[in-house]
Number of protein chains: 2
Amino acid sequence: MQDSLRRFKADIFQALAHPTRIAIIELLAGGELSAGELIEKLGMEQANISQHLAVLRAKQLVVNRKAGNQVFYAVRDPIINKVLALMRRYFQKHLKEALELLGEMDGDPVVPRH
Amino acid sequence: MQDSLRRFKADIFQALAHPTRIAIIELLAGGELSAGELIEKLGMEQANISQHLAVLRAKQLVVNRKAGNQVFYAVRDPIINKVLALMRRYFQKHLKEALELLGEMDGDPVVPRH
DNA sequence: ATACTATATTCGAATGTTGGAATATTCAAT
DNA sequence: ATTGAATATTCCAACATTCGAATATAGTAT
C-alpha cells in the first residue's frame with residue numbers, strides 16, 4: 001500500500017511533468033475551456049494538445065464534458081491548482097538558482113562560471 | 001519567461017515522478033539522513049538509490065552535506081513536503097478511483113467491468 | 001447522403017528514463 | 001602505502017515519452 005500510494009503520486013507528477021500540460025492546467029484554473037480554445041491559446045498543433053489532454057484524462061487530472069461538437073475540459077480537483085500555486089511560490093523563492101538551473105539544462109549558462 | 005517557468009516546474013515534477021524518489025523525499029521529511037540510511041530503509045540497490053539521489057540533487061530538491069565518510073541528505077525547501085502532503089490529501093479524497101486507476105495501469109482492473 | 005468542423009487516435013522516428021553490473025572516487029583506519 | 005567502507009559514476013539494454021503526419025471518429029448543417 002505504501003508503495004502503491006507512491007506509484008500513484010509518481011504517476012500524477014509524471015502527468016504534470018511537461019510544460020504544455022502545466023500550461024493546460026493553468027489555463028483551466030480560470031474555468032472550463034474547450035479543446036479548441038486550449039489549442040488556440042497555446043498556439044500548438046491540434047494533435048499535440050489532444051495527446052496531452054489524453055494524458056491528463058488518463059490520470060484523471062481533468063474531466064471532460066461533450067457539448068455537441070465540442071469537448072470542454074476542467075481541472076478535476078482544485079488541489080491540483082494548489083499544487084501548482086505552491087510550485088509558483090517555490091519558483092519565486094529560488095528564482096536565481098532556478099534560472100541558472102534552466103540555463104545549465106540548455107547547456108547555456110545564464111551566468112558564466114568564474 | 002512564462003514558458004521557461006513552465007519548463008522549470010515540469011522539471012521539478014519530473015524529478016518527483018518516480019516512486020523511489022518520492023519515498024526518498026518522504027523519508028527525508030523526518031530530517032536529514034545519510035545515503036546509507038536511505039539505502040537501508042528503502043532496501044534497494046546502492047547504485048540505484050545513488051542515481052535517484054543524483055536526479056534530486058540535479059534539480060536541487062535536496063541538499064547534501066559531507067561528514068567524513070558519509071553524505072547526509074535533506075530536503076532543500078519544506079514547500080516540497082507541502083506539495084507531497086497535498087498529494088496525500090488528493091489521494092485520500094480520490095482513493096477509490098485511484099485504486100482502479102492503479103489497477104488498470106497494471107492491466108489488472110480492481111473491479112471487473114460489467 | 002455529403003460536406004464540414006471539432007476532436008481523437010495511430011504510427012514511427014527521435015529522444016529520454018530506468019535499473020543492474022561494473023568501476024571509480026573519497027575518506028578513514030591501519 | 002594499503003585496505004576497507006561509503007558513495008558516485010559510467011555503460012548499456014529495455015522501456016517510455018514526445019512530436020508531427022496521417023487518419024479516424026463524432027456531431028452539425030445542408
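For the numbers below, each heavy atom of this structure counts, side chains included, while hydrogens, waters and symmetry mates do not. Sequence lines set the chain letters: A, B, ... in the order given, protein chains first and strands last, and positions in each chain run from 1.
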Inset, instruction - May I ask you to verify if any side-chain N or O of A/His52 is less than 4.0 angstrom from the OP1 or OP2 atom of D/dC19? - result: yes
Inset, instruction - Please state how far atom CG in B/Asp11 lies from atom P in D/dT18, giving the value in whole angstrom units. - result: 12 Å
Legend entry - For atom CZ of A/Arg57 and atom C1' of C/dA8, their distance in whole Å: 7 Å
Legend entry - A/Asn48 or B/Ile49, whichever maps to the more 5' nucleotide of DNA chain D: B/Ile49
Legend entry - Proximal nucleotide (of C/dT17, D/dT17, D/dT9) relative to the A/Gln14 side chain: D/dT17
Legend entry - Atom of B/Lys66, atom of B/Val71 and distance for their closest heavy-atom approach: CG-CG2, 3.9 Å
Legend entry - Interatomic distance, A/Leu56 CG vs D/dT17 C1' [rounded to whole Å]: 14 Å
Legend entry - Pairs meeting criterion ring pair (Phe, Tyr, Trp, His ring centres under 6.0 Å) with involvement of residues 42-86 of chain B, two or more places apart: B/His18-B/His52
Legend entry - Carboxylate-amine/guanidinium contact A/Glu26 A/Lys41, below 4.0 Å: no
Inset, instruction - Compare side-chain N and O positions of B/Arg65 against OP1 and OP2 of D/dT7 and report whether any pair is under 4.0 Å apart. - result: no
Inset, instruction - Check side-chain hydrogen bond (donor to acceptor under 3.5 Å, both in side chains) between B/Glu32 and all other residues, then give those that pass, not counting sequence neighbours. - result: B/Arg65
Inset, instruction - Measure from NE2 on B/His18 to C1' on D/dA16 and round the result to the nearest Å. - result: 12 Å
Inset, instruction - Identify the two heavy atoms, one from B/Arg57 and one from B/Ser50, that lie closest to each other, and give their separation to 0.1 Å. - result: NH2-O, 4.2 Å
Inset, instruction - Look at the side-chain N and O atoms of A/Tyr73 and state whether any lies under 4.0 Å from the OP1 or OP2 oxygen of C/dA6. - result: no
Inset, instruction - Calculate the interatomic distance between A/Lys66 atom NZ and D/dG27 atom C1'; express it in whole Å. - result: 10 Å
Inset, instruction - Strictly below 4.0 Å, heavy-atom distances to any atom of DNA chain C: list the hits from residues 20-44 of chain B, or just say none. - result: B/Arg21
Legend entry - For A/Asp77 against B/Tyr90, the heavy-atom pair lying closest together: CB-CE1, 3.6 Å
Inset, instruction - Among C/dG20, D/dA22, C/dT18, find the nucleotide with the atom closest to the side chain of B/Gln51. - result: C/dG20
Inset, instruction - Respond yes when some side-chain nitrogen or oxygen of B/Asn69 is under 4.0 Å from OP1 or OP2 of D/dA5, and no when none is. - result: no
Inset, instruction - Rounded to the nearest angstrom, tell me the gap between atom CD in A/Glu45 and atom P in C/dT7. - result: 15 Å
Inset, instruction - Step through the shown structure and confirm whether more than 12 heavy atoms of other residues, nucleotides or ligands are within 6.0 Å of NZ on A/Lys93. - result: yes
Legend entry - Base of D/dA8 paired with side chain of B/Gln46 (donor-acceptor, under 3.5 Å): yes
Legend entry - Separation of atom CZ in A/Phe72 from atom C1' in D/dA26, rounded to whole Å: 15 Å
